[in-house]
Chemist: 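Submitted below is the structure of interest, expressed as C-alpha cells.
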Amino acid sequence: MLDGATPSVLDVKDLKTTFKTRGGAVHAVNNVSFHLKAGELLGVVGESGSGKSVTMMSLLGLVPSPPARITGGPVMFEGQDLLTASDEQLRKVRGARIGFVFQDPMTSLNPVFSVGYQLMEPLRKHMGMNKTRARARATELLQLVGIPDAARRLDDYPHQFSGGMRQRVMIAIALACDPQVLIADEPTTALDVTIQAQILELMKDLRDKLGMAVIWITHDLGVIAGIADRVLVMYGGQIVEHAPVRELFANPKHPYTRALLQTVPNVRGERAPRLRVIEGQPPILRAAPTACPFRDRCEHAFDRCSRENPARRPVGPVHDVACFWDPETGAARDV
Ligand SMILES: Nc1ncnc2c1ncn2[C@@H]1O[C@H](COP(=O)(O)OP(=O)(O)OP(=O)(O)O)[C@@H](O)[C@H]1O
Ligand SMILES: [Mg+2]
C-alpha cells in the first residue's frame, strides 16, 4: 500500500467540461478533483455516460473545443498545468509522458498501417530513435505485453490480431515512451471479462516492472477488485465516492456504490441472486447540478437531496463521499 508521503504525479482540481449542443449545454464533467500517486493503480468506475472518458480526455486536451468548454483546474502534471499548456507542450505530454488507450476508435489503432509502424512512430517522434533501434524496441514492447512471435508480428496489420491481442498492442504503443502515467479506458464491448482481467493483470505486472502509475477505467467494480489501490466512483459527471479498494468493498457509503457492489459477481462468477441492475435512468446533464445527481434513483433520498448537491466530505482517512445520507444510522448525516 502506498503511504501518504508518496508524491502525486497528477493532481486534478475542479475540472469541468461542458458541451455545447443543439439541444443545449451538456454538463459532462462537474468539479472533478482527484490525484494520482507515483506507481499506483487508480480505478475509475461508473455506468455509461457518467463522465469517465470525458474527464480523462479533457485533461489531455483530447476533447474538441468547441463543442467542449473545459474550465476549472489546475491539472498539474510534472510541474505544468495541462489546462493552460500550449498545443505543442500537450503533444509532448500525450503519448509520451502520459500514455493512453482510449475506447474511442479515433485514438486507437489505424487499420491501414502495420502494427510495427504504429509502434515505431512514437519512438521515432518522441524518442528520436532511428529505424533499426525503433524496430528492436518495438519487438521488445510486443514481447513485454505478451504477444508471441513478436518480431514477425510487427509486419501484421491490426485486423490480423484478436480483440484481446489488439488491446495488448495498444498498451504496447502507450508504453513505448516510458510514460509516467498510463490511462486505460476499458472497451465497453468486444472483450469478455476474463480477457479484461488478464489485461489488467498484465498492467499490474508492467506497473510493478516499470514503476508507472495507472488509471484504469471500467464499468465493472469486480474487474478492479483485487488490483486497484484506490477507486473513484463516478455518477452524473461527478465523483460520488473515493476510497482504497478494500475499504470501498468493505464499507461503501454512497447508495450508488452500494447498488453497484450488488452487481459484482462473487468468486464463483455468480452474480447476486437478486441481480440488481440499478433501476432508473442516468441523469440528463442539461443543467449545472444544483441537486444530488442520483436522487431520482436513490432509495434513501430526502428533501435536502433535491435542494443541494452534496460536496465530497471525508468519512475516513482516505475515504470521502458526496452524500447526505449516513448508512450507519440510516438517517441524514448530521452536517
Ligand atoms: N462530443 C460530445 N457532445 C456532447 N455530449 C458529449 C460529447 N461527448 C460526450 N458527451 C456526453 O458526456 C457525458 C459523459 O460521457 P463519457 O463518454 O465521459 O461517459 P463514460 O462514463 O465514459 O461512458 P462509457 O462507460 O459508456 O464509456 C455523456 O452524457 C455524453 O453523452
Ligand atoms: Mg467512456
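In each ligand, atom 1 is the first atom listed, and ligand 1 is the first ligand listed. Numbers here are sequence positions counted from 1.
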Chemist: Could Lys253 and Glu241 be called an ion pair, given the rule that one side-chain N must be under 4.0 Å from one carboxylate O?
Modeler: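 The answer is no: the pair does not qualify as a salt bridge.
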Chemist: Within a distance under 4.0 Å of any heavy atom of Ala28, pick out the atoms of ligand 1 and give their elements.
Modeler: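 Listed by number with element: 12 (O), 13 (C).
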Chemist: Under 3.5 Å, side-chain donor or acceptor atoms of residues 58-75 against the rest of the protein: list the pairs with distances, not counting sequence neighbours.
Modeler:
unit_1	atom_1	unit_2	atom_2	d
Ser58	OG	Thr17	OG1	2.8
Ser58	OG	Val54	O	2.6

Chemist: Quick check against the 3.5 Å criterion: does His319 have a side-chain atom that pairs as donor or acceptor with the backbone of Glu247?
Modeler: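 No; judged by distance alone, with no hydrogens or angles, the pair does not exist.
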Chemist: Is the closest heavy atom of Glu47 to ligand 1 under 4.0 Å?
Modeler: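 Yes; Glu47 lies near enough to ligand 1 that a heavy-atom distance drops under 4.0 Å.
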Chemist: Does a side chain donor of either Ser114 or Asp155 reach within less than 3.5 Å of an acceptor in the other side chain?
Modeler: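 Absent: no donor and acceptor within the cut-off.
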Chemist: Sequence neighbours left out, what passes salt bridge (charged side-chain N to carboxylate O under 4.0 Å, His left out) with Asp14? Give chain and number order.
Modeler: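 For Asp14 there are no salt bridge (charged side-chain N to carboxylate O under 4.0 Å, His left out) partners, ignoring immediate neighbours.
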Chemist: Of the backbone and side-chain N, O or S atoms of Ser48, does one lie nearer to the Mg ion (ligand 2) than 2.8 Å?
Modeler: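 Looking at Ser48, which is the residue asked about, there is no N, O or S atom under 2.8 Å from the Mg ion (ligand 2).
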Chemist: Pairs of nitrogen or oxygen atoms closer than 3.5 Å, one from Lys52 and one from ligand 1: do any exist?
Modeler: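 Right, the criterion is met.
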Chemist: Any N/O of Gly46 closer than 3.5 Å to an N/O of ligand 1?
Modeler: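 Among all N and O atoms of Gly46, none is under 3.5 Å from an N or O of ligand 1.
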Chemist: Which of parallel (below 30°), tilted (30 to 60°) and perpendicular (above 60°) describes Phe102 and Phe100?
Modeler: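 Phe102 and Phe100: tilted rings.
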Chemist: Backbone or side chain, does any N or O of Thr21 fall under 3.5 Å from an N or O of ligand 1?
Modeler: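 So ligand 1 has no N or O lying under 3.5 Å from an N or O of Thr21.
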Chemist: Hey, does Val54 come in under 3.5 Å of ligand 1, counting only N/O atoms on both sides?
Modeler: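 Between Val54 and ligand 1 (N or O atoms, distance only) the closest approach is under 3.5 Å.
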